[in-house]
There are 2 protein chains.
Amino acid sequence: MKSYKIIIADDHKMFLDGLLSILKGKPEYTIILTANTGKNIAKYLDINNADEPVDLVITDVNMPDMNGIELNKHIKTYHKKVKTLVVSMLHDAQTIQTLTQDQVDGYVPKNAEKEELLKAIESILNGDKYFSQSIKDVYLKGMFSNEQNLMNSLSKREREVLKLIAQELTTQEIADELFLSKHTIESYRKNLISKLEVRNLAGLTKYAIKMGLVED
Amino acid sequence: MKSYKIIIADDHKMFLDGLLSILKGKPEYTIILTANTGKNIAKYLDINNADEPVDLVITDVNMPDMNGIELNKHIKTYHKKVKTLVVSMLHDAQTIQTLTQDQVDGYVPKNAEKEELLKAIESILNGDKYFSQSIKDVYLKGMFSNEQNLMNSLSKREREVLKLIAQELTTQEIADELFLSKHTIESYRKNLISKLEVRNLAGLTKYAIKMGLVED
DNA sequence: TTATGCCTCACGGAAAACGGGGTATACCAC
DNA sequence: GTGGTATACCCCGTTTTCCGTGAGGCATAA
């Protein structure tokens, strides 16, 4: 009888225990490796996957060293036949979008029932994709949200200026930084305020933070 | 043989499974209830705790309806003999401080080894407190951080003005809102920029967000 | 080829922010 | 009762933001 080879990456030990206890009772699945960072998984695959192909990697998003997003990208670049399932508590549209663009095979939130997790694993090993309803909801909501649309309507230069504004630089300093005229930066600021429908610098700053252009 | 009565609250099903599988092998612990929100736990205790006292409640912080902070407060107010242990991935100093002020008995991060979790449970049931080293680190770092000190150095009025500034109101609008002179608000803004060691509105806005004075 | 969008720069004027003072009352603690 | 702090207010001068408008170059897509 064939048993699928599965690898799990999660830096939450207790969660790992939970996953293991769920999959322990299933002889059709063999956990061949667990790790608390993507780096070890990537290394393992680079060395061993050619000889002993892995069927599925289950991974968290937030991990030290190499997170789930990078791990997924690595796998889909260098080990295309290995399926990936993300299990995470994070639900921001940006992350989900990045993962789907990188050909992730599934995404299940950590608060899902174990039945759903098993269903996801089964589907993916069957060659299908599996995304929980809540993930699809977040994704769609994110894609059609004002913020995202507005963000996409900004040019690269505008984003750059916005970032520097939120970093507390004055117009003159931004101009120096980008080797542009002060007037140019003023134009960008104006356009940003107009495009993003905010009232002033405070609004721009909040927006930049929301979009993750600056920390805090 | 006495078996301690334990209740667990966590809205992450898989994590719950992990915890259960860890505690299943221990006959000295009996899980009498699990829930995905604090509300149910609080209700249960209000009704049954007098007849059948519970020894320990293990709870996550982030939960719908009633979170771990509120649950802990409820328990420590109305069921003082029930011990509480928080197990969460959240590590912000503010949360930890609130919990300790509310007499929580322990705090362990979710990425802890299960040995540490068992040690924490044992210590707490023994009447001791248990906080993981990483939690203590965050707490201390938070208490001695510039941000927290600066925040505490602000008066109520200053916080109020800061909040309105971050909400994109102009000086004049804030003055109208608080029935104060425009000059007064200008003074407050000046003092805030000086006290918080930022350069301009953008800095104030970022600070207000970091301190949770405004959403986003 | 026109059109569209982006990037760049500019002028002018009103409004607001910024920086550095100062005054005054009240309350609380030492 | 002196010092510290929170509160509230004021003046002045400079800088920056905010807002409208316009315009040239440049790439690319219709």
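In what follows, chains are A, B, ... by sequence order, proteins preceding strands, each numbered from 1. Because only heavy atoms are used, hydrogens play no part in the values below, and waters and symmetry mates are left out as well, while side chains stay in.
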With rounding to the nearest 0.5 Å, note down the distance linking CD1 in A/I174 to CG in A/L164.
5.0 Å
Contact check, side chains of A/L85 and A/L117, non-hydrogen atoms, under 4.5 Å:
yes
Nearest whole angstrom, please: distance from the P of D/dT17 to the CG of A/L164.
13 Å
Would you check if there is a donor-acceptor pair between the side chains of B/H12 and B/N36 at a distance under 3.5 Å?
no
Would you say B/N126 and B/E122 are linked by a side-chain donor-acceptor pair, where the criterion is simply a distance under 3.5 Å?
no
Where protein sits on nucleotides 4-22 of chain C, one letter per nucleotide: B base, S sugar-phosphate only, - none, heavy atoms under 4.0 Å
--SSBBB------SBBBB-
Would you confirm whether A/T37, through its side chain, and A/P64, through its main-chain N or O, come within 3.5 Å as a donor-acceptor pair?
yes
